[in-house]
Protein chains: 2
Amino acid sequence: MARWQPDARGRLEAAALALFNERGFEQTTVTDIAARAGLDKRTFYRLFGDKREVLFSGGSRLEEVLVKAVAETDADPFETVVTAFRQVADEIFADRLDLVRVRQTIIDASPELQERELRKTNGLAATVAAALRAKGVGETTATLATESGVTVFRVAFARWVAPGNDASLADLIAETAAELRAVTSSPATPPARV
Amino acid sequence: MARWQPDARGRLEAAALALFNERGFEQTTVTDIAARAGLDKRTFYRLFGDKREVLFSGGSRLEEVLVKAVAETDADPFETVVTAFRQVADEIFADRLDLVRVRQTIIDASPELQERELRKTNGLAATVAAALRAKGVGETTATLATESGVTVFRVAFARWVAPGNDASLADLIAETAAELRAVTSSPATPPARV
DNA sequence: GGGCCGATGTCATCGTGTGACATCACCGTA
DNA sequence: TACGGTGATGTCACACGATGACATCGGCCC
């Protein structure tokens with residue numbers, strides 16, 4: 001038999017996406033995925049840390065592109081993060097909306113996968129915060145600016161993926177960022193002092 | 001054998017905390033935990049959804065108290081969430097700092113547990129956002145105010161738990177909230193150094 | 001006492017994830 | 001062409017997480 005089929009990784013990802021979409025995440029075993037890709041269960045675990053990971057391989061590229069954008073942007077920390085997301089967003093997701101939607105539907109249907117998604121987002125935030133600190137931004141400011149920026153991205157992304165949407169991801173990010181500014185801007189009562 | 005020992009739930013939680021602290025989360029099996037509590041593995045799974053859940057049972061109380069505080073507070077959305085956290089925080093955590101520290105050390109040492117913590121926090125945010133919407137706050141505003149508020153809480157909580165800290169959780173929340181306001185306020189205001 | 005009923009224990013089973021080891025294809029080299 | 005090395009893959013065995021099915025114990029009500 002054809003040992004050494006090309007692009008084992010990509011075939012496993014495609015097989016997993018298809019099976020998850022057909023039967024659901026829980027109802028699909030790793031052996032099923034491997035079988036559809038013409039491979040063995042053990043090979044799956046050599047390429048992916050666990051069953052969930054097969055859906056999140058793209059995240060690393062987003063991370064590196066984002067870090068680069070943060071390093072090259074010159075603005076206040078929060079604006080920097082938001083701008084970086086805007087620059088990067090369309091480049092990565094724009095031409096794959098249908099695929100992204102399928103993927104997101106799968107994730108939204110499984111608490112296990114949502115857990116992993118949160119972890120990935122959290123890791124992304126940590127990396128971006130590190131990139132900010134590397135530019136001389138203080139610890140706390142870096143963390144808060146990044147968390148806020150990631151929140152904006154998450155909300156905007158959810159809107160973008162939602163059925164019926166036709167706005168660009170970049171525009172939605174800008175819009176959401178403005179709304180977050182409005183929400184957190186000081187009201188009548190100034191914050192209590194330390 | 002003494003079937004029907006009292007407070008099976010509490011004993012399992014205590015046993016789990018002790019074992020996780022001694023050997024680590026991965027090195028402890030559910031059978032180990034049940035054995036130390038004088039119970040069976042199956043009983044553990046009847047009381048807790050899975051192995052991780054045994055560390056997160058307290059979250060539900062925080063959730064309900066928080067929702068109540070949100071409902072009773074009258075201010076703009078973000079301020080409401082922050083205030084609610086401040087009111088509730090000490091009441092729940094103040095007298096258990098040592099226990100909380102042990103628990104947090106365990107969680108910080110295990111990616112699996114961090115994942116679950118993120119999920120719990122996320123669920124909390126969703127609940128709080130719903131409480132805001134119940135007061136007439138718009139969908140997006142509720143989400144953004146809540147996410148920002150939870151971010152403030154997370155950062156403040158981390159500071160509070162950190163070794164050497166002696167400030168109160170409520171004060172740290174207020175302080176962190178002020179910093180977040182500063183970070184996200186005006187795009188034109190550049191305190192380049194921090 | 002007798003019987004109901006919830007909490008617990010026992011048994012069997014599937015799936016995840018991993019270590020150890022065998023096997024195959026490819027490639028450079030003599 | 002034969003040879004040996006190397007890396008990717010397959011095979012086997014196993015511990016542990018998680019769950020369904022069923023038995024059993026203890027208290028409680030009549």
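In the text below, chain A, chain B and the rest are named by the order of the sequence lines, each starting its count at 1.
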*Would you mind reading off the distance between A/Phe44 atom CZ and C/dT16 atom P, rounded to a whole angstrom?*
9 Å

*Distance, rounded to the nearest Å, where A/Glu53 contributes CD and C/dT18 contributes P*: 12 Å

*Of all residues at least two apart in sequence or in a different chain, which pass the ring-ring contact (aromatic ring centres under 6.0 Å, His included) check with A/Phe56?*
none

*Contact state string [nucleotides 11-17 of chain D, B base, S sugar-phosphate only, - no protein heavy atom under 4.0 Å]*: B----SS

*With sequence neighbours excluded, tell me which residues meet ring-ring contact (aromatic ring centres under 6.0 Å, His included) with A/Phe153.*
A/Phe85, A/Phe157

*Does A/Tyr45 have any ring-ring contact (aromatic ring centres under 6.0 Å, His included) partners at least two apart in sequence or in another chain, and if so, which?*
none

_Whole angstrom value for the distance that separates C1' of D/dT9 from CG of A/Leu12_ = 12 Å

*Answer yes or no: is there a donor N or O on one side and an acceptor on the other, between the side chain of B/Arg133 and the main chain of B/Glu139, under 3.5 Å?*
no

*Give every residue pair that meets the salt bridge (charged side-chain N to carboxylate O under 4.0 Å, His left out) criterion with at least one member in residues 20-39 of chain B, sequence neighbours excluded.*
B/Glu22-B/Arg36, B/Arg23-B/Asp32

*When the distance from CG of A/Leu47 to C1' of C/dT16 is rounded to whole Å, what number comes out?*
17 Å

_A/Ile33 CD1 to C/dG17 C1', straight-line distance once rounded to whole Å_ = 13 Å

*Please list, chain by chain and in numerical order, all residues satisfying salt bridge (Lys or Arg N to Asp or Glu O under 4.0 Å) with B/Glu117, sequence neighbours excluded.*
none

*asked:* I need the CZ-P distance between A/Arg9 and D/dA8, as an integer number of Å.
replied: 12 Å

